[in-house]
2 protein chains.
Amino acid sequence: MSTIGFHSHNHDQCIADTLSTADAHCAEEGLQFTPVRRRVLEILLAEHKAMGAYDILPTLADEGLGSQPPVVYRALDFLVKNGLAHRIELLNAYIACAHLGRAHRPAFLICRECKLVAEADAELARGRLGEAAREAGFTIERMVVELEGLCPACAA
Amino acid sequence: MSTIGFHSHNHDQCIADTLSTADAHCAEEGLQFTPVRRRVLEILLAEHKAMGAYDILPTLADEGLGSQPPVVYRALDFLVKNGLAHRIELLNAYIACAHLGRAHRPAFLICRECKLVAEADAELARGRLGEAAREAGFTIERMVVELEGLCPACAA
DNA sequence: AGAGAGTCCGTTATAACATATCAATCCCGG
DNA sequence: CCGGGATTGATATGTTATAACGGACTCTCT
């Protein structure tokens, strides 16, 4: 699984692919991919950047799709719960999933300069940390792995 | 480096040791370990639980040590910057460092039931994730690794 | 001693992020 | 057509964090 986000790519295609994968996924799972939810995912997809709920809200409001915080938060909860987006704890922000459809344990590389976020895969549970958790008798239910630093462009 | 937090231990001793290590550390580094800062660390040490800034504030206020948010946040910033405490992003909360004095890359095991937090060591940079970051040309400056789950007591 | 720099603290106000609650609507199966 | 479940709309509020400014203290240099 490769790291997405810092490389240039055909972004229109990237958006279109992800949306149609999302459509298919929701149809399969019997999930209601409503206009609000779909539009929030589109907005997130517009850039590989994390966006706060209050960054998304005005766009949504302009389009008459709900202008109060709960609307966005509910949509984001839906997307996160169903693996279509991720929450970045370090930024209190949200980003579209870059590995839609594939099971993964996401880790995030966050550029502190340009705010771009790349999604990588963290095979933590097998490492030394997984051992530490087992030794402590700790049952892992959710992992948050976020690395802050500089992307190649900003480091140069 | 062992995982601390889920095992019972002599807690008064644990607090006293940590405070005196902190005193020594600040003296060495020429840091001003002021009453507010010291008291905030003490409050954090009282439990191996993460506390929000607004949990700490009333105690501080009762003692006449500052009753407004910035006072606590400044003290917490000091403690975090100097490695005496850590911020838990998943909880928007803070916890005293359990491995004071030893260099470490902390990872946290957070019990969703009893809110106890244990500190372990994450040797991430050498694993598959470190490779992914290198491949992406990403320079890691800060790591956040937090695992949510159940501690042994709550799992039983 | 006095001037100036640096650090910390107290205070007010406000920004940024998130959720509780309840009513209204929509949609689908029975 | 009706009832139940999910979604949305709207109001209000809760929680976490920071901006901005002034005063107090200490240290150093002259």
Visitor: Step by step, work out the side-chain contact (heavy atoms from CB on, under 4.5 Å) result for Glu141(B) and Leu150(A).
Guide: CA-CA 8 Å; Glu141(B) 295 176 340; Leu150(A) 284 177; 3.9 Å; yes

Visitor: Starting at the 5' end of nucleotides 19-30 of chain C, put B wherever the base has a protein heavy atom under 4.0 Å, S where only the sugar-phosphate does, and a dash everywhere else.
Guide: BB----------

Visitor: Think Thr34(B) has a side-chain N or O under 4.0 angstrom from the OP1 or OP2 of dC9(C)?
Guide: yes

Visitor: With heavy-atom distances below 4.5 Å as the criterion, would you say the side chains of Arg39(A) and Thr34(A) are in contact?
Guide: no

Visitor: Any non-hydrogen side-chain atom of Phe108(B) less than 4.5 Å from a side-chain atom of Leu147(B)?
Guide: no

Visitor: How many Å lie between CG on Asp55(A) and C1' on dA16(C), as a whole number?
Guide: 10 Å

Visitor: Contact class for Leu31(B) vs. all strands (heavy atom < 4.0 Å): base, sugar-phosphate, or nothing?
Guide: nothing

Visitor: Specify the separation, in whole Å, of atom CD of Glu89(B) and atom P of dC17(C).
Guide: 13 Å

Visitor: Backbone N or O of Arg105(A) within a donor-acceptor pair of the Asp121(A) side chain at under 3.5 Å?
Guide: yes

Visitor: Between dC17(C) atom P and Leu76(A) atom CG, what is the distance in whole Å?
Guide: 12 Å

Visitor: dC17(C) P sits how many Å from Asn92(B) CG, rounded?
Guide: 11 Å

Visitor: Got a sec, which pairs hit side chain to side chain donor-acceptor pair (under 3.5 Å) with one end in residues 70-83 of chain B, sequence neighbours left out?
Guide: none

Visitor: How many whole angstroms separate atom CG of Leu91(A) from atom C1' of dC17(C)?
Guide: 13 Å

Visitor: Send over the distance from Glu63(A) CD to dG9(D) C1', rounded to a whole Å.
Guide: 17 Å

Visitor: Does any non-hydrogen side-chain atom of Leu44(B) lie less than 4.5 Å from one of Tyr94(B)?
Guide: yes

Visitor: What integer distance in Å separates Ile88(A):CD1 from dA18(C):P?
Guide: 12 Å

Visitor: When the distance from CD of Gln68(B) to C1' of dG22(D) is rounded to whole Å, what number comes out?
Guide: 15 Å

